[in-house]
2 protein chains.
Amino acid sequence: MTMNNAGGRRKPPTIHDVAREAGVSRGTVSRVLNGGHYVSPTAQEAVNAAIRRTGYVVNRHARSLITGRSDSVGFLLTEPQERFFEDPNFNILLRGCTQALAAHDIPLLLMLAGTEDERRRIARYITAGHVDGVLLVSSHSGDPVAEELCAAGVPLVACGKPIGLGSKVSYVAADDRDGARDMVRHLLSLGRRRIGVVTGPLDTPGGVERLAGYREVLAEAGVDFDERLVVSGDYSRASGEAGAERLLAQAPDLDAVFVASDLMAQGVLAALRRAGLRVPDDIAVGGFDDSPAAVAATPALTTIRQPWDRISNEMVRVLLAQIGGEDTAAVILPTELVKREST
Amino acid sequence: MTMNNAGGRRKPPTIHDVAREAGVSRGTVSRVLNGGHYVSPTAQEAVNAAIRRTGYVVNRHARSLITGRSDSVGFLLTEPQERFFEDPNFNILLRGCTQALAAHDIPLLLMLAGTEDERRRIARYITAGHVDGVLLVSSHSGDPVAEELCAAGVPLVACGKPIGLGSKVSYVAADDRDGARDMVRHLLSLGRRRIGVVTGPLDTPGGVERLAGYREVLAEAGVDFDERLVVSGDYSRASGEAGAERLLAQAPDLDAVFVASDLMAQGVLAALRRAGLRVPDDIAVGGFDDSPAAVAATPALTTIRQPWDRISNEMVRVLLAQIGGEDTAAVILPTELVKREST
DNA sequence: CATGCTGCTGTGAGCGTTCACATGATCAAG
DNA sequence: CTTGATCATGTGAACGCTCACAGCAGCATG
């Protein structure tokens with residue numbers, strides 16, 4: 001009768017205990033644990049039974065010590081944390097990545113590099129090999145931590161195209177440009193011709209690409225580009241409000257606005273309401289993101305959905321491939337137009 | 001001239017290398033690393049210099065293997081993830097905990113137990129000792145994972161009073177009841193007497209306590225309790241909207257509403273607007289949470305601020321104390337009334 | 001001069017794995 | 001029957017660290 005350590009929270013069983021229980025050697029147990037190649041069905045069976053009986057769980061520290069892998073990855077958020085932490089997309093991304101990793105039994109370590117101190121600490125932590133790879137969220141350009149990690153050869157996958165990192169870094173992103181094109185085409189199809197745009201920050205790839213899509217479609221449609229129809233924001237609600245006011249002042253004949261984020265679009269709606277304009281009758285408004293803000297807005301926003309669940313899944317897939325030694329490239333995923341009441 | 005492994009991402013220096021470099025033994029280096037007791041100033045100096053020169057970083061796996069500690073903690077979110085992930089407070093809490101832990105050089109592992117499978121996997125992971133303790137977010141009652149962890153004697157600190165776990169479990173919470181009292185007192189001080197309430201879910205301690213505070217103050221003030229003034233919601237915007245409609249139908253003479261969350265309060269404001277009522281002139285509205293939703297609302301919400309930064313700090317402090325073997329108790333932190341335009 | 005205490009240091013053992021290697025078995029081909 | 005694969009298994013190393021212990025000073029106390 002084996003003493004199942006019922007009761008006193010004591011030493012957990014080791015691979016040795018399992019081996020003894022199953023009547024095989026440590027090596028065989030280890031082989032079963034790692035894929036089960038070169039193990040007879042008999043032994044396999046015996047080991048699995050012994051594992052179940054003893055409640056054995058592998059000691060990851062011991063394993064990591066010898067393999068050199070940590071079997072964990074970091075989720076690194078640098079720069080302006082406030083922006084991200086208030087962004088619902090960030091949540092969805094974080095959740096998606098955590099779950100995708102969980103499916104591989106890989107824990108996610110959350111790393112926030114706000115201050116210079118934290119940056120250094122985290123960079124050391126990562127380069128010391130305490131994680132096998134990094135999922136990077138940092139829309140901003142020229143991130144010093146990211147550069148250091150790249151230089152050190154740490155597997156790294158960014159969310160969105162990182163500016164200013166060598167072009168060799170892998171990333172996963174929604175097709176911002178194509179999403180913008182869809183939205184502007186949609187506005188054109190409604191008969192609108194004086195289409196304004198509130199862009200995102202133009203030092204981020206998302207901001208740049210969405211504006212580019214806007215210009216492309218207008219050019220295709222033979223609509224002249226009018227720079228009075230372009231104002232730039234920073235994705236915040238307030239900047240959307242200010243942007244709409246500027247647009248109305250510069251181009252009173254405006255009949256539609258493409259806003260590069262839902263949050264800004266909320267601000268735009270507020271400004272338009274204040275100006276006495278009806279949406280969508282007088283003026284159509286298109287957002288970007290399909291965040292909760294889009295449904296909460298009155299009227300509910302027509303917007304561009306970014307495939308966040310696919311993005312997180314792809315980020316994890318690409319990162320694991322990279323950790324496995326494969327060469328990986330950028331992944332661009334399609335967006336989707338979600339039609340609601342504001343257009 | 002020492003070969004600083006410049007260039008080819010190769011084996012990192014070990015404690016052995018440091019010892020050789022400093023001209024001392026492994027033991028001495030180890031002692032310096034762990035607090036520096038019983039080390040001469042000379043040796044201390046030499047070791048620190050050697051560490052700097054070699055760029056040594058301790059191998060946590062090797063350390064953990066022998067100490068049995070993992071020097072990491074889990075942040076566990078069970079049950080309805082959607083609710084939390086859309087809740088800005090959750091973000092603040094997560095961020096606060098991550099940073100508080102970072103100050104102790106302790107990584108945070110994010111654990112999401114949505115499905116039954118994930119639950120089991122995570123419970124095994126934790127009880128196997130892969131984390132030293134757990135920060136628990138699970139407003140719901142009778143959480144099976146939490147119970148299992150408690151039973152296994154895993155250090156655990158909950159955010160908010162957990163229902164249905166033995167009373168021995170430590171938790172950190174805002175003083176919901178007192179916050180509610182403050183808000184209702186504030187409404188009374190404005191001359192309002194027909195004060196409605198939209199409660200949170202009554203199977204959560206927060207929901208119960210906030211309602212209790214409301215009733216206490218009314219009783220104190222000698223205002224009769226009228227059950228037509230009480231409706232319950234689930235913290236969602238939609239439930240606030242529905243709740244306000246019910247209140248207006250049941251008690252048309254309503255002159256104030258205390259809403260148990262800002263998100264619900266947004267819904268309440270929308271319903272009141274639709275009903276043609278002016279806020280705060282016809283009816284005052286008080287929220288709870290001081291979330292971004294409070295400022296975004298029109299009019300901006302008077303609300304109760306929960307000290308989230310202090311809550312996260314306390315959670316970490318208490319958890320580390322518990323890991324250190326101390327006995328810990330519940331911590332209740334004071335709230336604050338934030339006056340804006342809605343009252 | 002013995003004895004003990006205190007501060008500091010080095011040494012071997014061992015934490016629980018995996019990995020490389022050696023050893024058998026079995027079986028097909030020569 | 002030998003030879004050589006191929007499969008299945010067991011057996012020492014390590015991996016990098018901490019811990020217990022032993023040892024050696026130095027110094028005060030008996």
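Letters A, B, ... are given to chains in the order of the sequence lines, protein chains preceding strands, and every chain is numbered from 1. Since the model is a prediction, treat every value here as computed from it, not as a measurement.
- In this structure, CG of D71(A) is placed 10 Å from P of dT18(C), rounded to the nearest angstrom.
- Going from atom CZ of F75(B) over to atom OG of S312(B) covers 9.0 Å, rounded to the nearest 0.5 Å.
- For the pair R31(A) CZ and dC19(C) P, the interatomic distance rounds to 11 Å; values are reported in whole Å.
- Put simply, CZ on R26(A) is 13 Å from C1' on dC21(C), counting in whole angstrom units.
- A residue-by-residue look at N34(A) and T28(B) shows that T28(B) has its nearest nucleotide of DNA chain C further toward the 5' end.
- Atom pair R60(A):CZ and dT18(C):P shows a separation of 11 Å (rounding to whole Å applied).
- Rounded to an integer number of Å, the gap from I66(A) CD1 to dC15(C) P is 15 Å.
- Distance alone, capped at 3.5 Å, is enough to place a donor-acceptor pair between the D132(B) side chain and the D71(B) backbone.
- With hydrogens and angles left out, the side-chain atoms of S70(B) and S64(B) include no donor and acceptor closer than 3.5 Å.
- The side-chain heavy atoms of L76(A) and V137(A), taken from C-beta on, include no pair separated by under 4.5 Å.
- Atoms NZ (K11(A)) and P (dC15(C)) sit 7 Å apart, rounded to a whole Å.
- Rounded to an integer number of Å, the gap from R69(B) CZ to dC15(C) C1' is 13 Å.
- With rounding to whole Å, I15(A) atom CD1 is found 8 Å from dG16(C) atom C1'.
- Mapping heavy-atom proximity under 4.0 Å, the span of DNA chain D touched by chain A runs 5' to 3' from dC7(D) to dG16(D).
- Looking only at distances, a side-chain donor or acceptor of R119(B) sits under 3.5 Å from a matching main-chain atom of G114(B).
- At dT18(C), one or more side-chain N or O atoms of S30(A) fall inside 4.0 Å of OP1 or OP2 (strictly under the cut-off).
- Between L319(B) and P155(B) there is a side-chain heavy-atom pair separated by less than 4.5 Å.
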